[in-house]
A.B. asks: 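Below is one structure. I have some questions about it.
On a predicted model such as this, the values are computed, not experimentally measured, just so you know. The basis for the numbers below is simple: all heavy atoms, side chains too, and nothing from hydrogens, waters or symmetry mates. Atoms within a ligand are numbered from 1 in the order they appear, just like the ligands themselves.
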Amino acid sequence: MEYNADNVFAKIIRGEIPCNKIYEDEFALAFYDIAPKAKVHALVIAKAMVVDFADFIEHSTADEIEGYMRAIVKVTEILNVNETGYRIVFNSGPDSGQEVPHLHAHILGGEKLQTENL
Ligand code: AMP
């Protein structure tokens, strides 16, 4: 799928839509999910304009990939789920139910998570 900058996360990066920000650096922006599916539910979106995980890996340098992954770890620490545990989810494509076509990791935690579909 070709990247379309009209999506809601691209608008958040451009500051056109507000977010409840947790963390930001040159590679990533993290904020709370507007419809949380767990006690802790954050999104870490890439600054890169890419649709999903495969698009990101294909079009990013090793430094950009590392920077994004490190940002996800940083957010688990800020959210204090790094000791208690968490799940990272990258939805990709129609079968996953991906709604927003801009790369984002869900970080879920803060409670025992359901294991259905895992
Ligand atoms: P996905 O289904 O993986 O594409 O996930 C998209 C997520 O973005 C959903 O969990 C939504 O609740 C969340 N979401 C959509 N719009 C916003 C927004 N403006 N601020 C925060 N989270 C959002």
A.B. asks: Quick one: which ligand 1 atoms are inside 4.0 Å of a heavy atom on Ala35?
C.D. replies: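 Counting from 1, the qualifying ligand atoms are 12 (O).
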A.B. asks: On a heavy-atom basis, which atom in Asp55 and which in Val50 lie closest, and how many Å separate them?
C.D. replies: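 Heavy-atom minimum between the residues: OD2-CA, 3.3 Å.
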A.B. asks: Kindly check if the number of other-residue, nucleotide or ligand heavy atoms within 6.0 Å of CZ (Arg70) is above 12?
C.D. replies: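 Open: at most 12 neighbouring heavy atoms sit under 6.0 Å from CZ of Arg70.
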A.B. asks: Starting from Met1, can I reach Tyr3 by hopping between I/L/V/M/F/W/Y residues whose side chains sit under 4.5 Å apart?
C.D. replies: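 Yes, Tyr3 connects to Met1 through the hydrophobic network.
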A.B. asks: Polar contacts were defined as any N/O atom of the residue lying under 3.5 Å from an N/O atom of the ligand; does this apply to Glu99 and ligand 1?
C.D. replies: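 By distance alone, the answer is yes.
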A.B. asks: Please verify whether a non-hydrogen atom of Cys19 lies at under 4.0 Å from ligand 1.
C.D. replies: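 Cys19 does not count as a contact of ligand 1 under the 4.0 Å cut-off.
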A.B. asks: Determine all donor-acceptor pairs shorter than 3.5 Å in which one atom belongs to a side chain in residues 105-118; sequence neighbours excluded.
C.D. replies:
{"unit_1": "His106", "atom_1": "ND1", "unit_2": "His41", "atom_2": "NE2", "d": "2.8"}
{"unit_1": "Glu111", "atom_1": "OE2", "unit_2": "Lys39", "atom_2": "N", "d": "2.7"}

A.B. asks: Only heavy atoms of His106, strictly under 4.0 Å: list the atoms of ligand 1 that pass.
C.D. replies: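 Near His106, the atoms of ligand 1 are 1 (P), 3 (O), 5 (O), 7 (C), 10 (O).
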A.B. asks: Quick one: do Leu43 and Ile88 end up in the same hydrophobic cluster if we chain Ile, Leu, Val, Met, Phe, Trp and Tyr together by side-chain heavy atoms under 4.5 Å apart?
C.D. replies: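 Result: no, two separate clusters.
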A.B. asks: Give the residue and atom name of whichever protein heavy atom lies nearest to atom 1 (P) of ligand 1, and the separation in Å to one decimal.
C.D. replies: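 Scanning the protein heavy atoms, the shortest distance from atom 1 (P) of ligand 1 goes to His104 NE2, 3.2 Å.
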A.B. asks: Given Val8, Asp33, Asn91, Val89, which has its nearest heavy atom closest to atom 19 (N) of ligand 1?
C.D. replies: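 Residue with the shortest heavy-atom distance to the ligand atom: Val8.
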A.B. asks: Using a 4.0 Å cut-off to any heavy atom of Gly97, which atoms of ligand 1 qualify?
C.D. replies: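 Close to Gly97: 2 (O).
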A.B. asks: Restricting to non-hydrogen atoms, name the atom on Ala5 and the atom on Ala10 that form the minimum distance, rounded to 0.1 Å.
C.D. replies: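 Closest approach of Ala5 to Ala10: O-CB, 3.4 Å.
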A.B. asks: Is it the side chain (CB and beyond), the backbone, both or neither of Leu43 that lies under 4.0 Å from ligand 1, heavy atoms counted?
C.D. replies: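 Side chain only.
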A.B. asks: Show the numbers, then the answer: is there a ring pair (Phe, Tyr, Trp, His ring centres under 6.0 Å) between Phe53 and Tyr68?
C.D. replies: CA-CA 11 Å; Phe53 199 72; Tyr68 177 62; 8.0 Å; no
A.B. asks: Any idea which atoms of ligand 1 are less than 4.0 Å away from a heavy-atom of Phe31?
C.D. replies: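 Listed by number with element: 21 (C).
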A.B. asks: What protein heavy atom is closest to atom 14 (N) of ligand 1, reported as residue, atom name and distance in Å?
C.D. replies: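 Checked against all protein heavy atoms, atom 14 (N) of ligand 1 sits closest to Ile34 CG2, 3.8 Å.
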A.B. asks: Under the 3.5 angstrom rule, does the side chain of His104 hit a backbone N or O of Val89 as a donor-acceptor pair?
C.D. replies: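 Side chain of His104 to backbone of Val89, a donor-acceptor pair under 3.5 Å: no, none is there.
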A.B. asks: Apply salt bridge (charged side-chain N to carboxylate O under 4.0 Å, His left out) to the pair Lys47 and Glu64, showing each step before the final yes or no.
C.D. replies: CA-CA 9 Å; Lys47 287 280 179 81; Glu64 288 165 342; over 6 Å; no
A.B. asks: Evaluate Val100 for polar contact with ligand 1, using N/O atom pairs at a separation under 3.5 Å.
C.D. replies: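 Between Val100 and ligand 1, an N or O pair is found under 3.5 Å apart.
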A.B. asks: Geometry only, no angles: is Phe9 polar-contacting ligand 1 at N/O separations under 3.5 Å?
C.D. replies: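 No: no nitrogen or oxygen of Phe9 is under 3.5 Å from one in ligand 1.
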A.B. asks: Touching ligand 1 at all, Phe90? Heavy atoms, strictly under 4.0 Å?
C.D. replies: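 It does not, in that no heavy atom of Phe90 comes within the 4.0 Å cut-off of ligand 1.
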A.B. asks: What do we get for Tyr32 next to ligand 1 when only non-hydrogen atoms under 4.0 Å count, side chain, backbone, both or neither?
C.D. replies: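 Answer for Tyr32: backbone.
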